[in-house]
Novice: 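Take this structure, written in structure tokens, and hold onto it; I'll ask about it next.
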Number of protein chains: 2
Amino acid sequence: MTVDDEIARLAALANPHRFRIIALLAEESLHVSELARRLGMSRALLYMHLQRLEAAGYVTGHLELSDDGKALKFFEVVPFEVTTNVASIAAAVAADTESTH
Amino acid sequence: MTVDDEIARLAALANPHRFRIIALLAEESLHVSELARRLGMSRALLYMHLQRLEAAGYVTGHLELSDDGKALKFFEVVPFEVTTNVASIAAAVAADTESTH
DNA sequence: TCTACCTGTTAGAAATAACTTACAGGTGTC
DNA sequence: GACACCTGTAAGTTATTTCTAACAGGTAGA
């Protein structure tokens, strides 16, 4: 695990909106507009946060066709476990300085 | 654990400089100027990062008097283990919404 | 006194993240 | 056609974080 990777994983989680997104999706898979309604935030903003979460691998989205023919983008959580401690950080930094030299 | 607390813990780690600071201090306790020299960064900037780390409880600093009478501010890591997963996030969000109502 | 260290703070610039507004396009129903 | 849903993006603003430059003050030795 490289430093950039670990930081990306941590940074993607470090946001109150994204916490609430994960908490909601943990209960049930929801499509974007419904999620925006429940969280009381704009769809455009939600998209940004979903992109960050998806880029880090915490959630995944897929288009689904509803009964009445509408295309809905559903998102669901990808179970994860992020563990960071002194040793893992030291190892990441060491791995980085090794590869650069 | 409240949402703000967990986010503060995660955000405090999510920075390459702070990773390197922790990695260095994991090997040995160092004073600010020496640390700045090894990392190749300005003291003012280092101070900012150390404050964030100390505020989150990852490092701790104390003044120490050297043999020749100079006051040196040494920092050392406080062993930690940060674990985050879907359940812990859901719990934090739930605890938050409980207390607000 | 001058030099070489050290701690500590502040004001402002620069870079990044977060957020808003405003689009364009689609399907189905009244 | 008008309305009520939906996805998706781009431009521009605001807020936050990060970083620089500059300062004030201290001790010890040549």
Side-chain angles (χ1 to χ4, degrees), chain A residues 3-22 24-25 28-56 58-76, chain B residues 3-22 24-25 28-56 58-76:
Chain A
V3 168
D4 285 352
D5 286 351
E6 267 204 52
I7 287 173
R9 277 168 175 269
L10 291 169
L13 287 181
N15 178 283
H17 283 323
R18 295 199 281 272
F19 257 50
R20 296 182 61 211
I21 291 171
I22 290 173
L24 257 185
L25 292 183
E28 56 178 324
S29 180
L30 293 169
H31 64 89
V32 180
S33 290
E34 178 62 25
L35 194 51
R37 237 175 277 126
R38 301 229 190 150
L39 292 169
M41 72 164 79
S42 74
R43 228 169 13 91
L45 179 55
L46 179 56
Y47 259 88
M48 189 272 281
H49 287 300
L50 283 173
Q51 270 168 18
R52 286 205 67 157
L53 286 173
E54 192 169 29
Y58 293 127
V59 304
T60 179
H62 63 277
L63 279 174
E64 208 167 286
L65 234 57
S66 68
D67 296 341
D68 55 344
K70 281 173 188 160
L72 306 179
K73 180 137 190 187
F74 274 85
F75 273 90
E76 51 195 311
Chain B
V3 168
D4 286 350
D5 285 351
E6 265 203 55
I7 287 173
R9 279 168 176 268
L10 291 169
L13 288 181
N15 178 284
H17 283 324
R18 295 199 281 272
F19 257 50
R20 295 182 63 210
I21 291 171
I22 290 174
L24 257 185
L25 292 182
E28 56 178 324
S29 181
L30 295 169
H31 64 89
V32 179
S33 289
E34 178 62 24
L35 194 51
R37 238 175 278 122
R38 301 229 192 152
L39 292 168
M41 72 165 80
S42 75
R43 230 172 11 91
L45 179 55
L46 180 56
Y47 259 89
M48 188 273 280
H49 287 300
L50 284 173
Q51 272 168 15
R52 287 205 65 158
L53 286 173
E54 192 168 29
Y58 293 126
V59 304
T60 180
H62 63 277
L63 279 175
E64 209 166 286
L65 233 57
S66 67
D67 297 340
D68 55 344
K70 281 173 190 161
L72 306 180
K73 180 137 191 186
F74 275 84
F75 274 90
E76 52 195 310

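If you're wondering where the values come from, they're calculated on a predicted model, not measured in any experiment. In what follows, chains are A, B, ... by sequence order, proteins preceding strands, each numbered from 1.
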Novice: Taking the side chain of B/V32 as heavy atoms from C-beta outward, which of D/dT7, C/dA18, C/dT7 is closest to it?
Specialist: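 The answer is C/dT7.
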Novice: Is the phosphate of D/dT18, meaning OP1 or OP2, less than 4.0 Å from a side-chain N or O of B/R18?
Specialist: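 The answer is yes; a side-chain N or O of B/R18 sits under 4.0 Å from OP1 or OP2.
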Novice: Tell me which nucleotide among C/dA18, C/dT7, D/dT18 gets nearest to the side chain of B/R52.
Specialist: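 For the B/R52 side chain, the nearest candidate turns out to be D/dT18.
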Novice: In whole Å, what is the span from the NZ atom of B/K73 to the C1' atom of C/dG8?
Specialist: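 Atom-to-atom, B/K73 to C/dG8, this comes out as 9 Å.
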Novice: I want to confirm an ordering. Mapping A/D68 and B/Y47 to their closest nucleotides on DNA chain C, which one lands closer to the 5' end?
Specialist: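 Between the two, 5'-proximity favours B/Y47.
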Novice: Over how many whole Å does the gap from B/L65 atom CG to D/dG26 atom C1' extend?
Specialist: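 Going from CG in B/L65 over to C1' in D/dG26 covers 12 Å.
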Novice: Out of D/dA10, D/dT20, D/dG8, which nucleotide sits closest to the side chain of A/A44?
Specialist: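 Among D/dA10, D/dT20, D/dG8, the one nearest the side chain of A/A44 is D/dA10.
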Novice: Any idea which of D/dG8, C/dT21, D/dC5 is nearest the A/R37 side chain?
Specialist: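 The listed nucleotide nearest to A/R37's side chain is D/dC5.
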Novice: Mind calculating the distance between CZ (B/R43) and P (D/dC23) to the nearest angstrom?
Specialist: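 Distance check: B/R43 CZ to D/dC23 P gives 15 Å.
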Novice: To the nearest angstrom, how far is A/E34 atom CD from D/dA4 atom P?
Specialist: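 After rounding, the gap between these two atoms is 18 Å.
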Novice: Kindly indicate whether the side chain of B/V32, heavy atoms from C-beta on, has any atom under 4.5 Å from the side chain of B/R43.
Specialist: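 A side-chain contact under 4.5 Å exists here.
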Novice: Nearest whole angstrom, please: distance from the P of D/dT7 to the CE of A/M48.
Specialist: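 Roughly 18 Å, once rounded to whole Å.
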Novice: When you match A/Q51 and A/K70 each to their closest nucleotide on DNA chain D, which lands nearer the 5' end?
Specialist: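 This one resolves to A/K70.
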Novice: Rounding to an integer number of Å, can you tell me how far A/L39 CG sits from C/dA18 P?
Specialist: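 The distance from CG of A/L39 to P of C/dA18 comes to 15 Å, rounded to the nearest Å.
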Novice: Is the shortest side-chain heavy-atom distance between B/L46 and B/F75 below 4.5 Å?
Specialist: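 Contact flag for B/L46/B/F75 side chains = no.
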Novice: Please verify the inter-ring angle class for A/H31 with A/F74; under 30° counts as parallel, over 60° as perpendicular, anything in between as tilted.
Specialist: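 Aromatic pair A/H31/A/F74 classed perpendicular.
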Novice: Go through C/dT7, D/dC6, C/dT9 for me and flag the one nearest to the A/S33 side chain.
Specialist: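 Of all the options, the side chain of A/S33 is nearest to D/dC6.
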Novice: Taking the minimum atom-to-atom distance to the side chain of B/L45, which one of C/dA18, D/dT18, C/dT9 wins?
Specialist: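 Of the options given, the side chain of B/L45 lies nearest D/dT18.
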Novice: What is the distance from NE2 of A/H17 to P of D/dT16, rounded to the nearest Å?
Specialist: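 Rounded to the whole Å, the gap is 12 Å.
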Novice: Indicate whether OP1 or OP2 belonging to C/dC5 is found under 4.0 Å from a side-chain N or O atom of B/H31.
Specialist: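 False: B/H31 side-chain N/O out of range (4.0 Å or more) of C/dC5 OP1/OP2.
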Novice: At less than 4.0 Å, is any side-chain N or O atom of B/N15 found next to OP1 or OP2 of D/dT18? Yes or no.
Specialist: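 Answer is yes, contact under 4.0 Å.
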Novice: Taking CG from A/L50 and P from D/dC6, how many angstroms apart are they, rounded to a whole number?
Specialist: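 Going from CG in A/L50 over to P in D/dC6 covers 15 Å.
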Novice: Which sits closer to the 5' end of DNA chain C, B/L72 or A/A11, going by the nucleotide each is nearest to?
Specialist: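 Residue closer to the 5' terminus by nearest nucleotide: B/L72.
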Novice: Can you tell me if A/Y58 uses its side chain to pair, donor with acceptor, with the backbone of A/R52 under 3.5 Å?
Specialist: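 No, because the side chain of A/Y58 does not come within donor-acceptor range (under 3.5 Å) of the backbone of A/R52.
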Novice: Does the side chain to side chain contact (heavy atoms under 4.5 Å, CB included) test come out yes or no for A/E54 and A/T60, once each step is laid out?
Specialist: CA-CA 6 Å; A/E54 192 169 29; A/T60 179; 4.2 Å; yes
